[in-house]
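Here is the structure we will look at.
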Amino acid sequence: MKANPILSTQVEMEVQFFDVDSMRVVWHGNYVKYLEVARCELLKMFDYNYIEMERCGHVWPIVDMRIKYVASAKLSEIIVIETSLVEYETRIKINYVVKSKSTGQVLTKAHTIQVAVDVSSQEMLYEAPQVLLDKLSPFIKE
């Protein structure tokens, strides 16, 4: 996760009762939901949310997701999800670090990879559509 980010943001969330197991720690599957919330905030930063993607003729399914659980988030804890776009030319790769707000302890590290699929043909694209490049151009440092 050492790639230089093109764009970064962070989201704070409070761990809710419905996200924890009987030990009052976040059930491992709920981290996927936390990553999704953070990913949506990142996509908003360059006006390319899921509705905009489809309007432009593409969907971007997740084809790979890796999660490393380091420590557990607990009931009522405030967590911070740091999200960074690190690849965009052939796929979208986003890195995540979930931390405890109060201690700064890293709880989880993850990344997701999404690929563009043309809505009309249902074919995967091997290069990013021009619309993505155009939306990211203000953020790319040459």
Side-chain angles (χ1 to χ4, degrees), residues 1-21 24-142:
M1 291 202 201
K2 297 193 188 279
N4 290 328
I6 294 115
L7 198 58
S8 297
T9 191
Q10 61 181 34
V11 174
E12 289 186 10
M13 300 177 69
E14 180 177 355
V15 173
Q16 299 296 314
F17 177 75
F18 51 77
D19 283 344
V20 300
D21 61 18
R24 295 191 179 193
V25 299
V26 172
W27 175 68
H28 69 279
N30 283 320
Y31 286 92
V32 174
K33 177 175 61 176
Y34 299 160
L35 302 182
E36 177 67 23
V37 169
R39 181 173 44 258
C40 287
E41 287 303 310
L42 183 71
L43 296 172
K44 280 186 208 174
M45 290 180 70
F46 57 99
D47 189 32
Y48 202 52
N49 63 23
Y50 295 124
I51 293 169
E52 180 66 8
M53 289 174 181
E54 190 170 13
R55 187 189 71 72
C56 294
H58 306 96
V59 292
W60 288 81
I62 291 177
V63 296
D64 188 16
M65 177 182 294
R66 312 258 173 120
I67 302 175
K68 179 173 177 61
Y69 301 100
V70 179
S72 298
K74 298 170 184 61
L75 179 62
S76 298
E77 183 173 20
I78 305 297
I79 57 173
V80 178
I81 304 113
E82 298 172 355
T83 312
S84 301
L85 175 66
V86 295
E87 292 181 28
Y88 66 92
E89 292 170 324
T90 58
R91 61 191 188 167
I92 293 176
K93 182 177 181 186
I94 299 173
N95 288 342
Y96 310 83
V97 178
V98 181
K99 295 180 178 181
S100 167
K101 183 176 180 180
S102 63
T103 66
Q105 179 185 19
V106 172
L107 304 173
T108 306
K109 295 179 180 181
H111 77 252
T112 55
I113 294 174
Q114 296 169 260
V115 296
V117 174
D118 182 274
V119 170
S120 58
S121 70
Q122 292 295 298
E123 291 184 16
M124 186 173 83
L125 306 178
Y126 293 97
E127 293 181 349
Q130 188 62 46
V131 64
L132 175 64
L133 303 176
D134 293 344
K135 288 181 178 287
L136 284 174
S137 64
F139 304 98
I140 298 170
K141 298 173 180 111
E142 299 286 329

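This structure is a prediction, so every number in the text was calculated from the model and none was measured.
- Side-chain contact between Arg24 and Phe17 is absent, with no heavy-atom pair separated by less than 4.5 Å.
- Rounded to the nearest 0.5 angstrom, Tyr96 OH and Arg39 CZ are separated by 4.0 Å.
- Residues Leu133 and Ile140 fail the side-chain proximity criterion, which asks for heavy atoms closer than 4.5 Å.
- Taking the side chain as every heavy atom from C-beta outward, Val86 and Ile94 never approach each other to under 4.5 Å.
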Would you check, one step at a time, whether the test side-chain contact (heavy atoms from CB on, under 4.5 Å) holds for Leu42 with Thr9? CA-CA 6 Å; Leu42 183 71; Thr9 191; 4.0 Å; yes

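- Partners of Arg55 by side chain to side chain donor-acceptor pair (under 3.5 Å), not counting sequence neighbours, listed by chain and number: Glu52.
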Please tabulate, one pair per line, all N/O donor-acceptor pairs under 3.5 Å involving side-chain atoms of residues 76-83, not counting sequence neighbours.
from  : atom 1 : to     : atom 2 : distance (Å)
Glu77 : OE1    : Lys74  : N      : 2.8
Glu77 : OE2    : Ser100 : OG     : 2.8
Glu82 : OE2    : Lys99  : NZ     : 3.4

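- Other residues, nucleotides and ligands contribute at most 12 non-hydrogen atoms within 6.0 Å of the CD atom of Glu54.
- Here Glu12 pairs with Lys101 under the side chain to side chain donor-acceptor pair (under 3.5 Å) rule; sequence neighbours left out.
- Under the 4.5 Å side-chain criterion, counting only non-hydrogen atoms from C-beta, Phe46 is in contact with Leu132.
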Can Leu136 and Tyr48 be said to form a side-chain contact (heavy atoms from CB on, under 4.5 Å), step by step?
CA-CA 9 Å; Leu136 284 174; Tyr48 202 52; over 6 Å; no

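- Legend: residues meeting ring-ring contact (aromatic ring centres under 6.0 Å, His included) with Tyr31, ordered by chain and number and at least two apart, are Tyr34, Tyr69.
- In this structure, the side chain to side chain contact (heavy atoms under 4.5 Å, CB included) partners of Lys33, at least two apart in sequence or on a different chain, are Phe18, Asp19, Asn30.
- Nearest approach of Leu125 to His58, heavy atoms of both residues: CD1-CD2, 3.5 Å.
- Scored by the side chain to side chain donor-acceptor pair (under 3.5 Å) test, Glu87 finds Arg91 as partners (sequence neighbours excluded).
- Shown here are the salt bridge (charged side-chain N to carboxylate O under 4.0 Å, His left out) partners of Glu14, two or more places apart in sequence or in another chain: there are none.
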query = Between Gln10 and Glu41, is a side-chain contact (heavy atoms from CB on, under 4.5 Å) present by the stated rule, with each step listed?
reply = CA-CA 8 Å; Gln10 61 181 34; Glu41 287 303 310; over 6 Å; no

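- For the side chain to side chain contact (heavy atoms under 4.5 Å, CB included) test, residues two or more places apart in sequence or in another chain that qualify with Val37 are Val11, Met13.
- The backbone N or O of Asp118 sits nowhere less than 3.5 Å from a side-chain atom of Glu123 that would complete a donor-acceptor pair.
- Evaluation of the side chain to side chain donor-acceptor pair (under 3.5 Å) rule for Ser137 yields no partner, not counting sequence neighbours.
- For residues 124-133, the set of pairs meeting the side chain to side chain donor-acceptor pair (under 3.5 Å) definition, not counting sequence neighbours, comprises Gln130-Asp134.
- Scored by the salt bridge (charged side-chain N to carboxylate O under 4.0 Å, His left out) test, Asp64 finds Arg66 as partners (sequence neighbours excluded).
- Between the side chain of His28 and the backbone N or O of Val26, no donor-acceptor pair lies under 3.5 Å.
- Within the 4.5 Å cutoff, the side chain of Ile92 has no heavy atoms near those of the Ile113 side chain.
- Taking 4.5 Å as the limit, some side-chain heavy atom of His111 sits within range of a side-chain heavy atom of Lys93.
- Minimum interatomic distance between Met53 and Trp60 (heavy atoms only, all atoms of both residues): SD-CD1, 3.2 Å.
- Taking the side chain as every heavy atom from C-beta outward, Val32 and Ile67 approach each other to under 4.5 Å.
- Between atom CG of residue Asp21 and atom OG of residue Ser72 there is a gap of 8.0 Å, rounded to the nearest 0.5 Å.
- Qualifying side chain to side chain contact (heavy atoms under 4.5 Å, CB included) partners for Ser8, counting only residues two or more places apart in sequence or in other chains: Pro5, Ser84.
- Contact of the Val106 side chain with the Val98 side chain is not registered, since no non-hydrogen atoms from C-beta on lie closer than 4.5 Å.
- The shortest non-hydrogen separation linking Ala71 to Thr108 is O-OG1, 4.4 Å.
- Minimum heavy-atom separation, Tyr50 to Cys40: CE1-SG, 3.6 Å.
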